[in-house]
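As a basis for the values below, the full set of heavy atoms in this structure was taken, side chains included, without hydrogen atoms, waters or symmetry mates.
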Amino acid sequence: MLGKIKPNFQQNLFQTRLTDLINLEHPLVKLAGELDWSKMEFEFQNLYSEQGRPSIPIRKIAGLLLLKEMFKESDESVVERWIENPYWQYFTGEDFFQNKQPFDPSEFVHFRKRLKEKGLEFILSQTVALHPEAKNEKEVQIDTTVQEKNITFPTDAKLAKKVIDNCTKIAEKEGVKQRQTYKRVAKQHLRDAYFGHHPKRKKKAIMARKKLRTIGKRVVRELERKLPEEILKQYETEFSNYKKVLTQERNSKEKIYSLHEPQTACIAKGKAHKAYEFGTKVAVTRGRKTGVITSIKRFSGNPHDSKTLEESLAQSQRVREQIGGTRPTIASTDRGFRGVTQVENTQIVIPKNTKEKSRYKQDVARKRFRARAAIEPTISHLKRNHALGLNFLKGVAGDINNALLAGIGYNLKMRFNHIKAQFILCLEFLMHIFANVFLIKNLKTQKVQVKRIKNH
């Protein structure tokens, strides 16, 4: 059942109260006070059963999830750092300093599965609420990027070798005796397939790739013959993927690039340093003036950018409406979104070279599309500082969750930096006042001393 943190106002002789250790003006303390934890608990209480062992309190596990995304930590490292950091403990609702880990890191996996896309959209809306101007912002900027999956660079030889190894594992698990495991042979063929672009190795590499595919097909057929029908049904999707991997060619459609992540797509964005990226396409929606992310939507395959607008704006509308906001009326994009000018009540603005515009309208358009370029560093921050660059979460659900969590972490870090900047400004202002007071006192004492000397 749902666990709760009960406030403890009684002093403890053997424990230290966190308010005695930390600075209450710290940005993380201020941010903890701005987040509506009670609303979050009310929203997620239906995810838990009314009976059974009490769960981890929502504020504790949700708070640690937010810290993890803000500071780009792993599931394991965020729990380890929590023990060392009293500010993190205060952020998650603790009263006294703790020296034991709050829960096992694997609990994050179960919590993300409970939340799903709907729950993460709610948390995103709460991070948008920290920036009041963002919920009714009329104009947004939209761009797409690639969320790479944590997989090895796919080649035909690697995939065929994995098919052979996986078939051997299935045979051992189900007690099927194979005519030959091909462990040593497949390993040698994989070595021979390397550096096939070299003229002296090209012929040998081509033959090795063909041989690996032949062995892979042979092993799959053998298992299909020997496995009972009931067990064969359990491996139906795996075997269909294996066959597809072993038969796909260079120009085949809907290719499989990873056996454990078959939804991974090959996306070419025209980059000079990286011709192809293996992952999923993500559309980011950002406010023009505030810079707050109100939508970050994952798409399967490699759709045209214009096909992502409808779902991205719908998600932005859902997130903003949860905190009393409205749908954006203007969305500025780059030329990759050409083909769409209106999505429901939102006007899509794309840079065009038209001579009919007046000089004033040309200046307005120029400023708008120069401002649109600000979404590029936002995407860079999402990739480098908030784990959008490489996704370690599993499956389609992992793609959706990782993208939304990156947006949540970005909005929180932005608010954290705002509070930090305000705190520094206050300190500078106070120091300026104290310096002025000190100077005035010195001047007064100097005047008194001059008068005494004259009188003397």
Side chain to side chain, [X] and [Y], heavy atoms closer than 4.5 Å:
| X | Y | answer |
| --- | --- | --- |
| Ser252 | Lys244 | no |
| Arg320 | Thr326 | yes |
| His260 | Ile151 | yes |

Between [Y] and [X], does any NZ, NE, NH1 or NH2 come within less than 4.0 Å of an OD or OE carboxylate oxygen?
| X | Y | result |
| --- | --- | --- |
| Lys297 | Glu310 | no |
| Glu69 | Arg112 | no |
| Lys60 | Glu107 | no |
| Arg209 | Asp156 | no |
| Lys307 | Glu311 | no |

Which of parallel (below 30°), tilted (30 to 60°) and perpendicular (above 60°) describes Phe91 and Trp37?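 Phe91 and Trp37: perpendicular rings.
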Fit a plane to each ring of Phe71 and Phe416, take the angle between them on a 0 to 90° scale, and name the class: parallel (under 30°), tilted (30 to 60°) or perpendicular (over 60°).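 Phe71 and Phe416: perpendicular rings.
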Of all the heavy-atom pairs spanning Met70 and His386, show the shortest one and how long it is.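 Shortest heavy-atom separation between Met70 and His386 comes out as O-CE1, 3.5 Å.
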Distance under 6.0 Å and angle within 45° of ring axis: Arg114 vs Tyr48: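 Ring-cation test returns yes.
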Taking salt bridge (Lys or Arg N to Asp or Glu O under 4.0 Å) as the definition, give me every residue that meets it alongside [X], ordered by chain and number, with sequence neighbours left out.
| X | value |
| --- | --- |
| Arg286 | none |
| Lys271 | Glu277 |
| Glu76 | none |

Sort out for me which residue in Lys274, Lys383, Lys269, Lys281 forms a salt bridge (Lys or Arg N to Asp or Glu O under 4.0 Å) with Glu148.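 Exactly one option meets the salt bridge (Lys or Arg N to Asp or Glu O under 4.0 Å) with Glu148, and it is Lys274.
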Arg415 CZ to Lys420 NZ distance, which is reported to the nearest 0.5 Å: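 These two atoms lie 14.5 Å from each other.
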Spatial distance of atom CG (Leu64) from atom CD (Glu73) [nearest 0.5 Å]: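 Going from CG on Leu64 over to CD on Glu73, the span is 10.5 Å.
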In terms of side-chain heavy atoms, does Asn402 have a donor or acceptor partner in Gln147 at a distance below 3.5 Å?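 Looking only at side-chain atoms, Gln147 and Asn402 do form a donor-acceptor pair, the distance falling under 3.5 Å.
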